[in-house]
Amino acid sequence: MPSLMTGHVSVVVVLVLLGGSDANLASPHRSQLDVNHKKPLQTFRPFNIAHRGSNGEIPEETAAAYLRAIEEGADFIETDILASKDGHLICFHDVTLDATTDIADRAEFAGRKRTYEVERGNVTGWFVVDFTLSELKSLRVKQRYTFRDQQYNWKYKIITFDEFILIALYAERVVGIYPEIKSPIFINQYVKWSGGKKFEDKFVETLQKYGYKGEYMSEDWLKKPLFIQSFAPTSLIYISNMTNSPKLLLIDDTTARTQDTNQSYSEITSNGYLTFIRNYVIGIGPWKDTVISAVSNHLGHLTDLVARAHALNLQVHPYTFRNENLFLHFNFHQDPYAEYEYWLSIIGVDGLFTDFTGSLHRYQQWTAPHQMK
C-alpha cells in the first residue's frame, strides 16, 4: 500500500477496505463526518476528477486507488456502478470480470462463462450479474494495462457502492463523488429487485441513504458534492423525478449509439438535443476526441461542441486524460501538462477526468493555486 494513504482518510476506513478489520462502516460516528470542520471543496477552478481513482498508479476502482486519489488532491472520485446477482451495487467498470480480476484462475467458477448480448453485440466472458456479492468479494483485481505498475496486482478486492461513498465521507476534507449508472439496460435485464424496483431506484436510494441531495452549488451540495453520470439519457431523465442532484450526460464517439434510445451521439450533440436534455442535466461528459478529432495521432478539427454547450449553460467534463505517450497527441510533445494547458486554458472546459490525479493537481497548483482564506 502506498505510504501516504492514511494521511487524509480515517484509519478505520483503510483497515476495513484493505482487509484489516471487520469494523462496521455503515454507522459512522457523526464527529468523523462533520463537514462543518473540514476544508471545503474548491470551486474556483475546473474540477480534478479521479477517473476510477488514481488508476494510473493502482488498480482501478479499488479502495487503494481512491485513497491515493484523495491523497493526491482529487476534487471528485469517480466510479462505475454495476449490480451483483443478488442485487448489491458494486464499483466495477466492465460488465465482465475477465480483464481486471483473477476470475480465469478460479476453477470453481469455470462453468460460469456465458455469452450475452450487450449493447447490440454478443460478448462472452464471466459476467458480474452471474455472481453474488460474496463471490465477487472473493476475487482479486489487477492493473488493466500491462505498461503500468504491476506491483499492486492481486492485493485488493472489489468494493461496494456503500464502501466507495464512505471513503469520500471519511476524508479529512470535503471530497465529492462522481458515480456512473453503468449499463442500465443490461443490468435491469438480468438483475431483479423486490417491489419492481429498477437499478436506477437502488442507485438513488443508496445516495439518499448517505444524505446526498441538493442542486449544484447549494448548501446541501457543497457539504456532500455529487455528480451523477450516465451514457443512457433515459436513466438520467428517470432519476430526475427522484433527486435534484446534478447530472451529466456522457458522450461517446459520434458514430456510436446510445444503449437505451439507439440514437447516434452525433444526434445527441445537436443543438436541438442539447436544448432538450438540459432540462435534466447540468452538463455533458464527452470523449475528448469528440470535442477535437484526432488524425494520425495529431489534433484535428476543433468542433464547436464546448462553445455550444456553454452557450446553453451546460458544463463540459471531457474524458479521459492519461500521462502515457500512448494517449498523448503528438502536438503535446509527450508532455501531459501541455495537454492540460490546452484543454483548460484554450478550450476552457469545467473539469477533467484523469487517471493521474496527482499530475493534474500539481499542474493546477502551479497555474491556479488554491486560494487561501
Checklist entry - Can you tell me if K213 uses its side chain to pair, donor with acceptor, with the backbone of S245 under 3.5 Å? => result no

Item to check | side chain to side chain donor-acceptor pair (under 3.5 Å) between Y238 and D260, worked out | outcome: CA-CA 12 Å; Y238 177 78; D260 51 346; over 6 Å; no

Checklist entry - Any donor and acceptor pair, going by atom type alone, linking the side chain of D86 with main-chain N or O of L133 inside 3.5 Å? => result yes

Item to check | Test of ring centre spacing under 6.0 Å for F321 and W343 | outcome: yes

Checklist entry - Would you call the rings of F199 and W193 parallel, tilted or perpendicular, where under 30° means parallel and over 60° means perpendicular? => result parallel

Checklist entry - Counting N and O atoms only, with roles assigned by atom type, does the side chain of D350 sit under 3.5 Å from a partner on the main chain of V316, one being a donor and the other an acceptor? => result yes

Checklist outcome for this item: Heavy atoms of A83 and V129 approach each other most closely as O-CG1, 3.8 Å

Checklist entry - Below 4.5 Å, heavy atoms only, C-beta onward: do E61 and F92 meet side chain to side chain? => result no

Next on the checklist: Before you tell me yes or no, could you show the steps for E339 and K288 under salt bridge (Lys or Arg N to Asp or Glu O under 4.0 Å), namely the whole-Å CA-CA distance, both residues' side-chain angles and the distance that decides it to 0.1 Å?
Outcome noted: CA-CA 11 Å; E339 185 179 38; K288 61 184 181 179; 2.7 Å; yes

Checklist entry - Please walk me through it: do D94 and R144 pass salt bridge (Lys or Arg N to Asp or Glu O under 4.0 Å)? => result CA-CA 11 Å; D94 301 352; R144 179 177 294 269; 3.1 Å; yes

Checklist entry - Which of these passes side chain to side chain donor-acceptor pair (under 3.5 Å) with Y178: Q229, H317, E78? => result H317

Item to check | Sidechain-backbone polar pair: T258 side chain, Q263 backbone, donor-acceptor under 3.5 Å | outcome: yes

Checklist entry - At their closest point, which heavy atom of L207 faces which heavy atom of L226, and how far apart are they? => result CD1-CD2, 3.9 Å

Item to check | Non-hydrogen side-chain atoms of L299 and Y342 separated by less than 4.5 Å | outcome: yes

Checklist entry - Going by the angle between their ring planes, with limits at 30° and 60°, are F47 and F76 parallel, tilted or perpendicular? => result perpendicular

Next on the checklist: Within the 4.5 Å heavy-atom criterion, are D355 and R148 side-chain neighbours or not?
Outcome noted: yes

Item to check | Atom pair CD1 (I165) and CD1 (I177), whose distance is rounded to the nearest 0.5 Å | outcome: 4.5 Å

Checklist entry - Is it true that a side-chain atom of R322 and a backbone atom of F327 form a donor plus acceptor pair closer than 3.5 Å? => result no

Checklist entry - Are the side chain of D335 and the backbone of F332 linked by a donor-acceptor contact shorter than 3.5 Å? => result no

Checklist entry - At what distance, to the nearest 0.5 angstrom, does CG of D105 lie from CH2 of W154? => result 6.5 Å

Item to check | Nearest non-hydrogen partners of L274 and L314, listed with the distance | outcome: O-CD1, 4.2 Å

Item to check | Check: I159 and L166 side chains under 4.5 Å, non-hydrogen atoms | outcome: no

Item to check | Verdict with supporting geometry, T303 and T269, side-chain contact (heavy atoms from CB on, under 4.5 Å) | outcome: CA-CA 11 Å; T303 70; T269 55; over 6 Å; no

Checklist entry - Hey, are K85 and E135 close enough for a salt bridge, meaning a charged N less than 4.0 Å from a carboxylate O? => result no

Next on the checklist: Nearest 0.5 angstrom please: T234 OG1 to I185 CD1, how far?
Outcome noted: 5.0 Å

Checklist entry - Going through the distances and angles, do L250 and S230 end up as a side-chain contact (heavy atoms from CB on, under 4.5 Å)? => result CA-CA 6 Å; L250 298 174; S230 184; 5.7 Å; no

Checklist entry - Okay, side chain of R106, backbone of S138: is any donor-acceptor separation there less than 3.5 Å? => result yes

Next on the checklist: side chain to side chain donor-acceptor pair (under 3.5 Å) for Y152 and T62? Distances and angles first, verdict last.
Outcome noted: CA-CA 11 Å; Y152 302 112; T62 60; over 6 Å; no

Checklist entry - Can you tell me if T160 uses its side chain to pair, donor with acceptor, with the backbone of L89 under 3.5 Å? => result no

Checklist outcome for this item: Scanning both residues in full, the closest heavy-atom pair of I158 with C91 reads CG2-O, 4.0 Å

Next on the checklist: If I take atom CD from residue E180 and atom NE2 from residue H51, how far apart are they, to the nearest 0.5 angstrom?
Outcome noted: 8.0 Å

Item to check | Nearest heavy atoms of I77 and A168, plus distance in Å | outcome: CD1-CB, 4.1 Å

Item to check | Nearest-0.5 Å distance, CZ of residue R45 to OG1 of residue T367 | outcome: 7.5 Å

Checklist entry - Has K224 got its NZ or CZ under 6.0 Å from the middle of the six-membered ring of Y210, at an angle within 45 degrees of the ring axis? => result no

Next on the checklist: Can a donor-acceptor pair be found, under 3.5 Å and without considering hydrogens, that links the side chain of E200 to the backbone of I181?
Outcome noted: no

Checklist entry - Do F203 and K182 have side chains that get closer than 4.5 Å, going by heavy atoms? => result no

Next on the checklist: Rounded at 0.5 Å granularity, tell me how far NE2 in H93 sits from CZ in R52.
Outcome noted: 3.5 Å

Item to check | Contact summary for D149 and E57, nearest pair of heavy atoms | outcome: CB-O, 4.0 Å

Checklist entry - Any side-chain heavy-atom pair from Y66 and T79 closer than 4.5 angstrom? => result yes

Next on the checklist: Could you walk me through whether K202 and E205 satisfy the salt bridge (Lys or Arg N to Asp or Glu O under 4.0 Å) test, starting with their C-alpha distance in whole Å, then the side-chain angles of each, then the deciding distance to 0.1 Å, before giving a yes or no?
Outcome noted: CA-CA 5 Å; K202 302 301 290 185; E205 284 178 6; 3.5 Å; yes

Item to check | Donor-acceptor contact present, side-chain Q364 to main-chain P46, <3.5 Å | outcome: yes

Next on the checklist: I'd like to check T96 versus Y116 (side-chain heavy atoms, cut-off strictly below 4.5 Å). Are they in contact?
Outcome noted: no

Next on the checklist: Would I282 and L248 count as a side-chain contact (heavy atoms from CB on, under 4.5 Å) here? Give the steps.
Outcome noted: CA-CA 6 Å; I282 70 155; L248 281 89; 4.3 Å; yes

Item to check | Intermediate values then yes/no, side-chain contact (heavy atoms from CB on, under 4.5 Å), D253 and W287 | outcome: CA-CA 7 Å; D253 181 89; W287 181 41; 3.3 Å; yes

Next on the checklist: Taking the six-membered ring for Trp, are F127 and Y190 closer than 6.0 Å centroid to centroid?
Outcome noted: no

Checklist entry - Going by atom types only, do N271 and R308 share a side-chain donor-acceptor pair under 3.5 Å? => result yes

Checklist entry - Can you check whether F147 and Y145 have ring centres sitting under 6.0 Å from each other? => result yes

Checklist entry - Counting heavy atoms not belonging to E215, are there more than 12 under 6.0 Å from its CD? => result no

Item to check | K113 side chain near T124 side chain, heavy-atom distance below 4.5 Å | outcome: yes

